[in-house]
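Heavy-atom basis, side chains included; hydrogens, waters and symmetry copies ignored.
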Amino acid sequence: QVQLVESGGGLVQAGGSLRLSCAASGRTFSSYVMGWFRQAPGKERDIVAAISYGGGSTYYAGSVKGRFTISRDNAKNTMYLQMNSLKPEDTAVYYCAASKYASVKVNTTRPSDFGSWGQGTQVTVSS
């Protein structure tokens, strides 16, 4: 099992930027697909972006493509989500997650493919 801790959330005006970080420990970080999910009140937890174990492949939800960038630094056991041009509809709790198996594909959108989760960090975008 890997332990994940998110940071970097906060309150920002529409059009602004935030950078989320996810620090990992306890398992070989570089061996698994990592992802960012978000959950708004009353809604399901949805994939935002995912990145392959080496960082060479990424996946983005259509709603964030071109505005968000996912990256990882395996030497630091850390994953990032750079969020630009934020919109009020980006408001949610953001979670980082590590895949259950090394065979999980980077373009998976299923939360059930991820077995380790952080506690979440709140992102609020005001209009």
**OP:** Look at the side-chain heavy atoms of Ile, Leu, Val, Met, Phe, Trp and Tyr, link any pair under 4.5 Å apart, and say whether Tyr60 and Val123 land in one connected group.
**Re:** yes
Subject >> Reported OG-to-CG distance for the pair Ser71 and Leu81, which is rounded to 0.5 angstrom >> reply: 8.5 Å
Subject >> Gln119 atom CD, neighbour heavy-atom count above 12 within 6.0 Å >> reply: yes
Original post:
How close do Ser21 and Thr78 get, heavy atom to heavy atom, and via which atoms?
Top reply: CB-CG2, 4.4 Å
**OP:** Evaluate the side-chain proximity of Val93 to Thr121: yes if any heavy-atom separation is below 4.5 Å, no if none is.
**Re:** no
**OP:** Could you tell me whether the side chain of Asp46 and the main chain of Phe37 form a donor-acceptor pair under 3.5 Å?
**Re:** no
Original post:
Can you get from Met79 to Val64 by hopping between Ile, Leu, Val, Met, Phe, Trp and Tyr side chains that sit under 4.5 Å apart?
Top reply: yes
Original post:
Are Tyr59 and Trp117 linked, directly or through other ILVMFWY residues, by side chains that come within less than 4.5 angstrom of each other?
Top reply: yes
Subject >> Distance under 6.0 Å and angle within 45° of ring axis: Arg19 vs Tyr80 >> reply: yes
Subject >> Pair Trp36 and Phe68, ring centroids less than 6.0 Å apart >> reply: no
Subject >> Under 3.5 Å: donor-acceptor pair, side chain of Arg38, backbone of Ala92 >> reply: no
Which donor-acceptor pairs under 3.5 Å do the side chains of residues 100-108 make with protein atoms, sequence neighbours left out?
from	atom 1	to	atom 2	distance (Å)
Lys100	NZ	Ser112	O	3.0
Thr108	OG1	Arg110	N	3.3
Thr108	OG1	Asp113	OD2	2.5

**OP:** Please examine the side chains of Asn84 and Leu86, heavy atoms only from C-beta on, and report whether any two atoms are closer than 4.5 Å.
**Re:** no
**OP:** For the residue pair Gln82 and Ser17, establish whether any side-chain heavy-atom pair is separated by less than 4.5 Å.
**Re:** yes
**OP:** Measure the spacing between OG of Ser25 and CD of Gln3 and express it to the nearest 0.5 Å.
**Re:** 4.5 Å
Original post:
If you measure from OG on Ser30 to CG on Asn77, what distance do you get to the nearest 0.5 Å?
Top reply: 7.5 Å
Subject >> Expected output: side-chain Glu6 to main-chain Gly120 donor-acceptor under 3.5 Å >> reply: yes
Original post:
Do Leu4 and Val48 belong to the same hydrophobic cluster, where Ile, Leu, Val, Met, Phe, Trp and Tyr are linked whenever their side-chain heavy atoms lie under 4.5 Å apart, directly or via other members?
Top reply: yes
**OP:** List the atom of Gln39, the atom of Lys43, and the distance in Å for their closest heavy-atom pair.
**Re:** NE2-O, 3.1 Å
**OP:** Indicate, with yes or no, if Tyr95 and Met34 share a hydrophobic cluster defined by side-chain heavy-atom contacts under 4.5 Å among Ile, Leu, Val, Met, Phe, Trp and Tyr.
**Re:** no
Original post:
Hey, what do you get for CE (Met83) to CD1 (Ile70), rounding to the nearest 0.5 Å?
Top reply: 11.5 Å
Subject >> Gap separating the OG atom of Ser99 from the CD1 atom of Ile51, nearest 0.5 angstrom >> reply: 12.5 Å
**OP:** Would you check if the side chain of Arg72 reaches a backbone N or O of Ser52 as a donor-acceptor pair within less than 3.5 Å?
**Re:** yes
**OP:** Say whether, by atom type as modelled, one donor and one acceptor occur between the side chain of Thr91 and the main chain of Val125 under 3.5 angstrom.
**Re:** yes
